> 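Here it is: the structure, laid out below.
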Amino acid sequence: MRHKDGHWVWIEGSGAVVERDEKTGAPLRLAGTHRDISDRKNAQKEMLFLALNDPLTKLPNRAYLRQELEKRLMEESSLCFLFLDLDHFKTINDVYGHTTGDKVIQVVAERLKSLLQPCDFMARVGGDEFVILSNEPLHVEIVCQKLIEGLDAPINVSEELFKLSVSIGIACFPEHGKSFEALFKNADTAMYEAKNNPYKHYLFYTASMTEQLLHTSKFDNDLKHAIEMDEFVLYYQPQINLHGNEVIGIEALVRWQHPVQGLLPPCKFIKRAEETRLIIPLGLLIFKKALIQMQQWQKEDFSYGIMAINISSVQIEEDDFMDRIEAIRKEIKISAMHIELEVTESSFMNNPKQFSQTLQKLENLGYKISIDDFGTGYSSLSYLKQLPLHKLKIDRSFIHDLPRDRDDQAIAKAIIALGKTLELEVLAEGVETEAQKAFLIENGCDSMQGFLFAKPMSAEALKTSLYQN
Ligand code: C2E
Ligand code: MG
Ligand code: MG
């Protein structure tokens, strides 16, 4: 700022706006005051801060991380890149809302940061993703352990206690990558492996992880393509009523008619379809196929009781799940009364309130609901009582060693008694022997399903076999 001929002239580099004579370019007037200038300076500072830091946690962001890493790669001979991702964080956002989710992230960021050395660098690179740069490869496992244990104590936000855990992938410079991109990608891959590893919360990157990732990504593509091309068929297994020895229903069980590997059972693809959420379009495809089969059998006057269709928890958590199955049902014109939806106990662990509301609405529409694989989850009995259920299906792991095994005897009897108390029908899955059947009849089980009666089979085979009996 200079004083010239009684006028204040501002140096433009300071950020002030100067009006100039159009011809001579001489400064005429300042558009601003002292205050404008300091505001402007603050605004500039703030913009610079926002360009390099995350507004929520005030931690460095991805751009800052890149700058810092590239600087350190020039200065250091070794370095560790830690990629951290919170486990199941999405559930917090889904259940408690984003405001609570944001507060939890802030506390996590502060807590993790407080466990680091001043020379470590920590950035937030995504919703629940953080990166730490550590210059001490020898101690990196101790750092990971500290971070994992640091999250052990619950986080108190909005009068709720959140118990969090984290998965960490580690890529080391120079052996696992020499650039920002390579270290980021490889640490991310190792984190993904750690997330799927039941024993380790942190893992170092290895080349085989990339191979595995490529394999998985090819599988996902194939599965997506298979859904688009409809490479799925439904097999059907009868459910038998013990008292009348007649078929009371049929369970639809999906198979993938793989162009190279042949007919694949659900254990080869359902879990992955759930992880990738491809189960949502696949589940709708299955539902539609089952209803088209029902329509066909209706035309042929073939009666078989209800049609049981397996529904994954991922499907139920979708807001429009009910609307979408209802649209299919109305299009194919099948009464909901003839459809039973099989859900597993684990479905209501994530979001019990939403789960029971959805089931209630489905029941109001006339659908029947059964709990599949009962006994393998941890459902609270008082909660079970509030659900609009029709049937409990005892998991086949409790049937397998009947009547020999005393523990299984006790469990099967207890589930049958529980079903009776709650006024539910009880079906035993996986009945393979006459001895199992006799035990179940003796203990008052209502119905059964298993290889003793019939294996799952194609629609045509099922119809032929039922007509013969
Ligand atoms: P689930 O719903 O409990 O189905 C029963 C499974 O037990 C079927 O296996 C059936 O073939 C098998 N099983 C029936 N009776 C016997 C028996 O006497 N002995 C033995 N050892 N096994 C018996 P499958 O078809 O391989 O299906 C496995 C699981 O995959 C199903 O368990 C279900 O959780 C899932 N799944 C199958 N189809 C679908 C579907 O359309 N959608 C979804 N979301 N999941 C499905
Ligand atoms: Mg089932
Ligand atoms: Mg089952």
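Indexing begins at 1, ligand by ligand and atom by atom, following the structure's order. From a predicted model like this one, the values you see are computed outputs, not experimental measurements.
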> Give me the atom names and distance for the closest heavy-atom approach of Y205 to A207.
OH-CA, 3.7 Å
> Looking only at non-hydrogen atoms, which of L282, T376, N310 approaches atom 40 (C) of ligand 1 most closely?
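Nearest option to atom 40 (C) of ligand 1, by heavy atoms: N310.
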> Does the protein put a heavy atom less than 4.0 Å from atom 15 (N) of ligand 1?
yes
> Closer than 2.8 Å to the Mg ion (ligand 3): does that hold for any N, O or S atom in D372?
yes
> Decide, counting backbone as well as side-chain atoms, whether E429 has an N, O or S atom less than 2.8 Å from the Mg ion (ligand 2).
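No N, O or S atom of E429 is closer than 2.8 Å to the Mg ion (ligand 2), so no.
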> Nearest 10° is fine: what angle sits at the Mg ion (ligand 2) between OD1 from N310 and OE2 from E251?
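Output for this angle: 90°, rounded to tens.
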> For atom 9 (O) of ligand 1, which protein heavy atom lies nearest, and how many Å away is it?
R396 NH2, 4.5 Å
> Specify which N/O/S atom of E342 comes nearest to the Mg ion (ligand 2), by atom name.
OE1
> Measure the OH-CD1 distance between Y367 and I311 for me, rounded to the nearest 0.5 Å.
9.0 Å
> Using a strict cut-off of less than 4.0 Å between a Lys/Arg side-chain nitrogen and an Asp/Glu carboxylate oxygen, indicate whether R66 and E181 qualify as a salt bridge.
yes
> Tell me which protein heavy atom sits closest to atom 29 (C) of ligand 1, plus the residue, atom name and distance to 0.1 Å.
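Minimum-distance protein heavy atom for atom 29 (C) of ligand 1 reads P266 CG, 4.3 Å.
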> Heavy-atom distances under 4.0 Å decide this one: backbone, side chain, both or neither, for T344 against ligand 1?
neither
> Heavy atoms only: give me the nearest A190-L203 pair and the separation to one decimal.
CB-O, 3.6 Å
> NZ of K463: more than 12 outside heavy atoms within 6.0 angstrom?
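Enclosed: over 12 neighbouring heavy atoms sit under 6.0 Å from NZ of K463.
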> Would you verify that at least one protein heavy atom lies under 4.0 Å from atom 3 (O) of ligand 1, or report that none does?
yes
> Kindly confirm whether the Mg ion (ligand 3) is within less than 2.8 Å of some N/O/S atom in D373?
yes
> Between E110 and K113, is the closest basic N to carboxylate O distance under 4.0 Å?
no
> Let me confirm one number: the CD-CG distance from E317 to D94, rounded to the nearest 0.5 Å.
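The distance works out to 7.5 Å.
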